[in-house]
Amino acid sequence: MTTTWVDGAAGSLFDVDNLPYGVFSRAGDQPRVGVRIGDFVLDLSPVAAAEMLDAHHVFQEGSLNSLMAEGRQVRESIRRWVIGLLTEEAERDLVEPHLVPLADVTLHLPIEVADYVDFYASLDHATNVGRMFRPDGEPLLPNWKHLPVGYHGRAGTVVGSGTAVTRPCGQRKAPTDEMPSFGPSTRLDIEAELGFVVGTGTSLGDRVAHDDFADHVFGVVGLNDWSARDIQAWEYVPLGPFLGKSFATSISHWVTPLEALDAAWVDLPGQDPAPLPYLLPSDPEQQPRGLDIDVEVLLNGELVSTPPYRTMYWSPAQMLAHLSVNGASVRTGDLFASGTISGPEPEQRGSFLELSWGGTEPFAGDHTFLEDGDEVVLRYTAPGAGGGRISLGEVSGRILPSA
Ligand code: MN
């Protein structure tokens, strides 16, 4: 791979094999689109205008949606152009003045979220939760291995990394309580997830075929699906998650384009029974593919879990094929998330519900669920095409007391 001339970027987690997009502003400026290289943001708009790039207007927007709507070919050609800018010495005089140190910018929610869907694609997570919530039954419900279970979440409360999360109030009733009560959640939790952002939409009535995933998905984000377990446990029967989830969902400031993950695709651990044909590659020789992304969960600076995304049961392409198989259209800015990422080992669990086993086994000192003032940071790394590793942006959030 060619080497970048940007100071400190070569060999870092944000080398030219990564190049995630985000929305940034400097004091007094309108937010606009940039790409991260090392510890800088490249301000794309003036460089694109100087080079008379056809799509230069998409970089002046306050979200990535216009860029994402340009489609796969434009996404790929812009990426080649940016790599050229950052690796060719001849471009340096033009480009270098538009590199802004990260320390000098404010990062914003990168996308205008259209619809938001959350899946439940980890076998280990679903099994752990099933064991806790239904101790006398089979941990997995009968549909779980036949379709990627999911629910529609709340797009309007997706927030950028660093946004504080106020402890939600709601109605809850423990099994031992006679009557429900109202108050601040006492079982506030995280869900370490990966999110997928749609660039190219479809028309009502169309399906996204399994094989067309990369034609529709622009890239990935880190995602924390904050969850109030006490509210959730009382309200979720029979229609699924509602207010226990909808108060906040945090995503990374950076959207990593699919091309940066070319070296991260791996076979799924295995699906038995075989899913229905619409959930499989059209070529029977091909296997559905997952992503080899390592996740780290930090609580107040301490590493408390390392969920491995490669252990997920359902693939990203299967989730998108399923969510559109009824003809529901998808739109630019749609966000669908994997569900909690948990591996088979206790230290690979992606929620406090599992790490504390329903609040019965304290971890990281005497933690069970989130306390006011706690800060959670999710970090994500993957193999890069250059032979090293790349980082997806981190997702952080601190808990404020209920209002
Ligand atoms: Mn979730």
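Heavy-atom basis, side chains included; hydrogens, waters and symmetry copies ignored. Just follow the structure's listing: the first ligand is 1, and inside any ligand the first atom is 1. Positions are given from 1, in the same order as the sequence printed here. These numbers come from a predicted model, not from an experiment.
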With under 30° as parallel and over 60° as perpendicular, where do the rings of W265 and F213 fit, or are they tilted in between?
perpendicular
Among the N, O or S atoms of D225, the one nearest the Mn ion (ligand 1):
OD2
With ring centroids as reference points, do Y120 and Y151 lie under 6.0 angstrom apart?
no
Atom name of the N, O or S atom of D118 nearest to the Mn ion (ligand 1) is OD2
Is there a side-chain contact between S338 and W314 in this structure, where contact means two heavy atoms from C-beta onward sitting under 4.5 Å apart?
no
Kindly assign one of parallel, tilted or perpendicular to the pair W144 and Y313, based on the angle between their ring planes and the thresholds 30° and 60°.
tilted
Working to 10°, measure the angle at the Mn ion (ligand 1) formed by atom OE2 of E193 and atom OE1 of E191.
90°
